[in-house]
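Just below is one structure, and these are the notes that go with it.
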2 protein chains.
Amino acid sequence: MKHSEHRAFSCNKGGHQICIAEAVQVAESLCRQRKQRFTSIRRRVLELVWHQHKPIGAYQVLEALQQEGRAAPPTVYRALDFLQQMGLVHRIASLNAYVGCAHPGAPHDGQFLICESCKALAELDAAEISNAIEQSADRSGFKPHRQTVEIMGLCPRCR
Amino acid sequence: MKHSEHRAFSCNKGGHQICIAEAVQVAESLCRQRKQRFTSIRRRVLELVWHQHKPIGAYQVLEALQQEGRAAPPTVYRALDFLQQMGLVHRIASLNAYVGCAHPGAPHDGQFLICESCKALAELDAAEISNAIEQSADRSGFKPHRQTVEIMGLCPRCR
DNA sequence: ATGATAATGTTATATTATAACGTTTCAATT
DNA sequence: AATTGAAACGTTATAATATAACATTATCAT
Ligand SMILES: [Zn+2]
Ligand SMILES: [Zn+2]
Ligand SMILES: [Zn+2]
Ligand SMILES: [Zn+2]
């Protein structure tokens with residue numbers, strides 16, 4: 001089991017640098033496979049997104065970049081868009097924020113548990129939920145294509 | 001069965017004024033029960049939200065209000081906030097837009113099917129989905145409190 | 001009528017995101 | 001190595017969504 005395949009909410013005690021390193025490695029590998037350029041900006045944005053197991057806002061990323069040189073919003077949004085398209089980052093619609101994908105490789109939507117107290121986030125890919133959605137949608141004659149599932153509540157540490 | 005208790009996506013063929021009228025009646029009744037003021041602005045915003053079975057943006061509501069007199073963003077956002085708190089309107093996070101609640105009475109989160117083609121929206125309150133979420137969350141030691149479930153896809157008419 | 005509370009008006013500003021266009025970088029081909 | 005076409009990036013401006021702060025008005029309970 002790779003470090004990045006940890007269970008939800010299990011990486012809150014530090015030693016987190018390895019998450020970042022792994023995310024970057026996986027990203028490099030995937031981009032090479034798909035003949036996409038993993039530029040230094042894209043790498044840096046991915047690192048910043050992974051810097052915490054919490055969603056981060058685009059303008060927080062921007063601030064961090066600006067510590068290291070000039071940067072403007074499009075720089076950040078372009079990198080985030082790229083990383084999303086590569087399935088390396090998810091956007092959390094209910095927070096207008098971004099988080100590293102816990103299961104990169106194949107693009108997917110995922111489901112997110114977000115702690116209202118400490119803001120920690122865990123990504124699920126629960127077939128149980130997707131199936132329930134699929135079946136309920138079917139019953140309405142609706143053909144699902146993309147799902148946004150964001151659950152606010154209390155994480156194990158805060159409940 | 002009241003008109004507002006129609007099945008998902010079944011009210012697309014006009015005769016929709018009755019939805020608005022019913023939504024207003026229910027709102028009046030609920031506000032009276034709860035000793036909240038159903039002011040003319042709140043009523044007008046609710047009507048505008050119900051004017052289509054599609055999510056509407058806050059600034060679209062604002063434009064409509066401005067046809068009828070002066071209005072500024074806070075007016076709209078206050079009314080929308082009130083209507084949300086009363087469980088009469090839902091905010092669709094993935095669209096930054098608002099839609100009338102199909103099952104007003106008790107506050108709830110609901111689940112939304114949104115057509116990517118015609119933008120029609122249907123609200124579900126599927127225990128099947130909520131249960132799947134509840135169980136998956138439990139397995140992570142997470143205590144769910146509020147859910148955002150927004151499914152993009154194709155409605156029966158567009159698929 | 002009086003005072004307290006809630007709602008609204010008004011102005012300004014914060015926050016999130018994209019448009020438009022010129023320049024640079026990079027890799028493939030010659 | 002030079003050419004060149006596409007992709008990425010820099011830069012400026014602006015769009016779109018949402019809230020802060022404070023003055024004014026309406027409503028309700030006494
Ligand atoms: Zn993921
Ligand atoms: Zn927590
Ligand atoms: Zn509802
Ligand atoms: Zn449709």
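Only heavy atoms go into these numbers, but all of them, side chains included; no hydrogens, no water, no symmetry mates. Here is how names work: the chains are called A, B, and so on, in the same order as the sequence lines, proteins then strands, and each is numbered from 1.
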Once you round it to whole Å, what is the distance between [atom2] of [N] and [atom1] of [X]?
X	N	atom1	atom2	result
A/Phe38	C/dA27	CZ	P	15 Å
A/Arg34	D/dA7	CZ	P	17 Å
B/Leu62	C/dG9	CG	C1'	13 Å
B/Arg43	C/dA7	CZ	C1'	16 Å
A/Leu80	C/dT16	CG	C1'	12 Å
A/Ile41	D/dA7	CD1	P	17 Å
B/Gln36	C/dT5	CD	C1'	12 Å
A/Glu68	D/dC9	CD	C1'	16 Å

Q: Specify whether A/Tyr98 and A/Tyr77 have parallel, tilted or perpendicular ring planes, treating 30° as the upper limit for parallel and 60° as the lower limit for perpendicular.
A: perpendicular
Phosphate-side-chain proximity, [X] and [N], N/O vs OP1/OP2 below 4.0 Å:
X	N	answer
B/Arg70	C/dT8	no
B/Thr39	C/dT8	yes
B/Thr75	C/dG9	yes

Q: For B/His51 and B/Gln60, test the side chains for any donor-to-acceptor distance below 3.5 angstrom and give the result as yes or no.
A: no
Q | Test item: side-chain donor near acceptor, A/Gln111 and A/Glu150, under 3.5 Å | A | no
Q | Test log, rule side-chain contact (heavy atoms from CB on, under 4.5 Å), inputs B/Leu80 and B/Val49 | A | CA-CA 9 Å; B/Leu80 289 172; B/Val49 166; 4.0 Å; yes
Q: Starting from the C-alpha separation in whole Å, work towards a yes-or-no answer on salt bridge (charged side-chain N to carboxylate O under 4.0 Å, His left out) for B/Arg139 and A/Glu128.
A: CA-CA 12 Å; B/Arg139 218 170 293 124; A/Glu128 186 181 0; 3.0 Å; yes
**Q.** Under 4.0 Å protein heavy-atom contacts per nucleotide of nucleotides 14-30 of chain D, with B for base, S for backbone only and - for none
**A.** ---BBBBB-----S---
**Q.** Sub-6.0 Å ring centroid separation between B/His90 and B/His103
**A.** no
(Q) Does the structure place the NZ or CZ of A/Arg43 under 6.0 Å from the centre of the six-membered ring of A/Phe38, at an angle of no more than 45° from the ring's axis? (A) no
